[in-house]
Asker: 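Before anything else, here's the structure in question.
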Amino acid sequence: MGARNMALLLSLLLAASFPGVARANPGAAFDNWLTATETDYKVNQALYAKKAVGDTGNTIDASLSKAEADKKTYVVDPKGGGDYKTINAALAAIPEGNTGRVILDLKPGEYREKVFLNLSKPFVTFKSDPMNPAKIVYSDTAATVGKDGKPVGTVGSTTCAVEADYFVAYGVVFKNDAPLAKPGAKGGQAVALRVFGTKAAFYNCTIDGGQDTLYDHKGLHYFKDCLIRGSVDFIFGFGRSFYENCDIVSIVKEVAVLTAQQRTKTIEGAIESGFSFKNCSIKGESGGQIYLGRAWGDSSRVIYAYTEMSKEVVPVGWDGWSIKAPESSGIYYGEFKCSGPGSDSKKRVGWAQDLTEAQVKPFIGTHYIFGDSWILPPPTGKSAPSTKSSADSPAESPDSSSAESPKSAKGSSAESPKSGSAASAASAPKSSYSSSTKAAASSDKSAEKTKG
């Protein structure tokens with residue numbers, strides 16, 4: 001994603017100065033959205049009911065059930081007290097085509113490594129102590145020069161990338177500690193976590209960075225009790241994701257944009273994508289103004305329900321970005337029973353929606369992400385003893401890796417460590433990207449050009 005220049009910041013500030021925009025009637029595209037969403041919800045409810053009928057009534061899908069019945073644990077300790085000293089070394093020990101749950105018991109400390117969990121290694125869990133968490137940290141930006149002599153781009157800047165399905169994280173900190181990009185600067189994107197695999201759950205995790213902190217890239221994702229910190233577009237992508245009881249914090253003095261949900265497609269195609277926030281809190285720690293989101297695509301979709309919004313949230317709430325007619329393009333930005341000084345829906349831009357109970361119902365439960373079939377309780381208990389001896393440990397490798405991003409207790413300094421270390425002079429070790437990563441990098445570059 002490319003940085004917006006100073007003109008964007010000025011335009012947003014000017015828009016915020018004129019909150020009393022007349023509310024427009026939803027266009028035909030939005031009417032289609034409402035109809036399609038409610039129909040989709042009814043169909044899914046019928047499917048859930050059908051799944052629950054049977055001898056066991058178990059709705060968890062078969063591959064996940066099988067994996068949970070076959071668990072093993074690797075202890076990872078940067079001080080050398082476990083099976084592996086690095087996360088990447090532990091991930092390298094997981095076989096391709098893995099079919100059993102592998103728990104990486106991450107001991108406290110900083111893991112300064114770029115982590116990549118290949119799509120061929122599903123069913124991985126990163127577990128840490130949320131009160132004394134493992135911190136996965138790196139400092140690449142989109143402008144960082146890679147081994148090929150070219151900038152790594154937004155995808156390449158990622159500290160921890162998860163492409164495998166059925167990933168779980170508990171109590172982990174994911175951080176990109178690159179210096180915060182100045183407004184208008186190019187190449188300042190610095191992703192802390194990118195999630196491309198589907199059916200991924202994050203509990204009590206911290207995702208900490210600046211511009212483009214969380215790349216909610218694609219798939220079904222669940223974020224519960226997490227802390228997410230950033231500046232511009234710091235939750236972005238085209239995942240279908242449910243954020244519950246999360247703290248979302250702007251760290252800038254200028255203008256922050258929380259979401260850039262990407263979807264440029266027909267209404268029928270876009271129904272699979274969107275971000276839903278329930279019982280969350282939105283606030284700024286540096287006094288800068290906050291936009292709830294901007295449209296990275298003409299059928300972008302974001303919903304906030306029962307969410308507390310601080311005074312930093314601008315009255316107009318939303319930005320149409322480069323969409324010329326957001327009231328009729330298919331953009332679906334809605335709010336329902338939010339609270340706080342920044343939540344006055346009567347002052348919102350005319351094409352934002354103050355949803356009814358019937359309209360919001362499809363979004364405000366784990367049913368939105370088909371959670372009945374894959375969401376399991378967080379792994380808070382003690383892991384089983386490791387089955388590995390130190391003699392079994394392979395040489396440490398910068399290749400494939402998996403991670404969960406558990407969050408420390410809200411407000412504790414451990415959740416958002418500020419190491420302040422400068423970006424590494426040498427480019428980070430790069431694992432060999434899968435075909436999906438290469439495609440993502442290619443599409444990402446195109447998006448950067450259009451964002452400008």
Side-chain angles (χ1 to χ4, degrees), residues 1 87 106 110-117 125-128 130 133-141 154-155 157-163 167-178 180 189-197 200-219 221-237 239 241-252 256-261 275 277 280-285 378 401-419:
M1 297 213 335
I87 296 169
L106 305 180
E110 181 178 286
Y111 297 80
R112 183 159 284 276
E113 54 183 312
K114 287 176 75 75
V115 173
F116 178 73
L117 179 56
T125 293
F126 285 12
K127 188 178 79 167
S128 186
K135 304 164 188 173
I136 305 171
V137 187
Y138 218 82
S139 55
D140 277 353
T141 69
T154 302
V155 169
S157 74
T158 305
T159 296
C160 181
V162 177
E163 294 203 347
F167 177 79
V168 178
Y170 173 75
V172 176
V173 173
F174 300 93
K175 184 174 177 64
N176 190 313
D177 64 355
L180 189 64
Q189 304 92 326
V191 179
L193 174 67
R194 180 173 73 89
V195 190
F196 188 86
F202 298 82
Y203 301 96
N204 291 90
C205 293
T206 292
I207 305 149
D208 192 4
Q211 182 175 343
D212 293 4
T213 300
L214 171 56
Y215 196 168
D216 192 342
H217 199 161
K218 186 178 181 181
H221 306 145
Y222 182 46
F223 296 86
K224 177 79 180 293
D225 300 321
C226 292
L227 170 65
I228 306 167
R229 302 175 73 250
S231 59
V232 178
D233 300 341
F234 61 97
I235 302 174
F236 75 106
S241 303
F242 186 48
Y243 295 79
E244 189 171 23
N245 300 337
C246 293
D247 287 340
I248 304 165
V249 181
S250 162
I251 63 172
V252 293
V257 183
L258 300 192
T259 63
Q261 206 281 327
F275 302 156
F277 298 83
C280 294
S281 71
I282 297 171
K283 57 188 175 182
E285 65 180 27
S401 177
S402 85
E404 314 168 314
S405 51
K407 171 193 168 211
S408 319
K410 292 182 180 180
S412 74
S413 59
E415 334 178 289
S416 48
K418 293 209 169 261
S419 65

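Scope of the values below: all heavy atoms of this structure, side chains included, with no hydrogens, waters or symmetry mates. Positions are given from 1 along the sequence.
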Asker: Between atom CG of Asn245 and atom OG of Ser281, what is the distance when rounded to the nearest 0.5 Å?
Answerer: 9.5 Å

Asker: Rounded to the nearest 0.5 Å, what separates atom CG in Asp140 from atom NZ in Lys114?
Answerer: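 Spacing of CG (Asp140) from NZ (Lys114) equals 4.0 Å.
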
Asker: Does His217 reach the side chain of Val195, with side-chain heavy atoms less than 4.5 Å apart?
Answerer: no

Asker: Are Arg112 and Asp177 close enough, and set up right, to give a salt bridge (charged side-chain N to carboxylate O under 4.0 Å, His left out), and what steps lead you there?
Answerer: CA-CA 10 Å; Arg112 183 159 284 276; Asp177 64 355; 2.6 Å; yes

Asker: Decide yes or no for Leu180 and Val252: does some side-chain heavy atom of the first lie under 4.5 Å from some side-chain heavy atom of the second?
Answerer: yes

Asker: Is the shortest heavy-atom distance from the side chain of Thr259 to the side chain of Asp233 under 4.5 Å?
Answerer: no

Asker: With the side chain counted from C-beta on, respond yes when Thr159 and Ile136 share a heavy-atom pair under 4.5 Å apart, and no when they do not.
Answerer: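 Yes - at least one pair of side-chain heavy atoms lies under 4.5 Å apart.
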
Asker: Does the side chain of Tyr111 come within less than 4.5 Å of Leu106's, by heavy atoms?
Answerer: yes

Asker: What pairs with Ser241 under side chain to side chain donor-acceptor pair (under 3.5 Å), at least two apart in sequence or on another chain?
Answerer: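 Checked Ser241 against side chain to side chain donor-acceptor pair (under 3.5 Å); matches are Asp216, His221.
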
Asker: Looking only at non-hydrogen atoms, find the nearest pair between Gln261 and Gly239 and report the distance.
Answerer: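 In terms of heavy atoms, the two residues are closest at NE2-O, 3.8 Å.
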
Asker: What orientation do Tyr215 and Phe236 show, parallel under 30°, tilted 30 to 60°, or perpendicular over 60°?
Answerer: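 Rings of Tyr215 and Phe236: parallel, as their planes differ by under 30°.
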
Asker: For Ala178, is there any backbone N or O sitting under 3.5 Å from a side-chain donor or acceptor partner on Ser139?
Answerer: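 No, because the side chain of Ser139 does not come within donor-acceptor range (under 3.5 Å) of the backbone of Ala178.
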
Asker: Can you tell me how far apart CG (Asp247) and CD1 (Ile228) are? Round to the nearest 0.5 Å.
Answerer: 9.0 Å

Asker: Search all heavy atoms of Ala192 against all heavy atoms of Asp208 and return the closest pair with its distance.
Answerer: CB-O, 3.5 Å

Asker: Consider ring-ring contact (aromatic ring centres under 6.0 Å, His included). Of Tyr243, Phe277, Phe275, Tyr203, which one does Phe223 pass it with?
Answerer: Tyr243

Asker: Measure the OG1-CG distance between Thr141 and Asp212 for me, rounded to the nearest 0.5 Å.
Answerer: 11.0 Å

Asker: Go through the structure and list residues passing ring-ring contact (aromatic ring centres under 6.0 Å, His included) with Phe234, not counting sequence neighbours.
Answerer: none

Asker: Examine the side chains of Glu113 and Tyr138 and answer whether a donor and an acceptor come within less than 3.5 Å of each other.
Answerer: no

Asker: Taking the side chain as every heavy atom from C-beta outward, state whether Asp225 and Cys246 have any pair of such atoms under 4.5 Å apart.
Answerer: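 In short, these two side chains do not touch, never coming nearer than 4.5 Å.
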
Asker: Between OG1 of Thr206 and NZ of Lys135, what distance do you get to the nearest 0.5 Å?
Answerer: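 Here the interatomic distance stands at 10.0 Å.
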
Asker: Going by heavy atoms in the side chains, are Arg194 and Glu163 under 4.5 Å from each other?
Answerer: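 Answer yes - side chains close enough.
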
Asker: Show your working on side chain to side chain contact (heavy atoms under 4.5 Å, CB included) between Leu258 and Ile248 and close with a plain yes or no.
Answerer: CA-CA 8 Å; Leu258 300 192; Ile248 304 165; 4.0 Å; yes

Asker: Please confirm whether the backbone N or O of Val191 pairs with a side-chain atom of Asn176, one donor and one acceptor, at under 3.5 Å?
Answerer: yes

Asker: Between atom CG of Leu214 and atom CD1 of Ile207, what is the distance when rounded to the nearest 0.5 Å?
Answerer: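 Here the rounded value is 5.0 Å.
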
Asker: Considering all heavy atoms of both residues, which atom of Gly230 and which atom of Thr213 are nearest to each other, and what is their separation?
Answerer: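 Scanning both residues completely, I find the closest heavy atoms to be CA-OG1, 3.5 Å.
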
Asker: State whether the side chain of Ser128 and the backbone N or O of Ala134 hold a donor-acceptor pair below 3.5 Å, judged by distance alone.
Answerer: yes

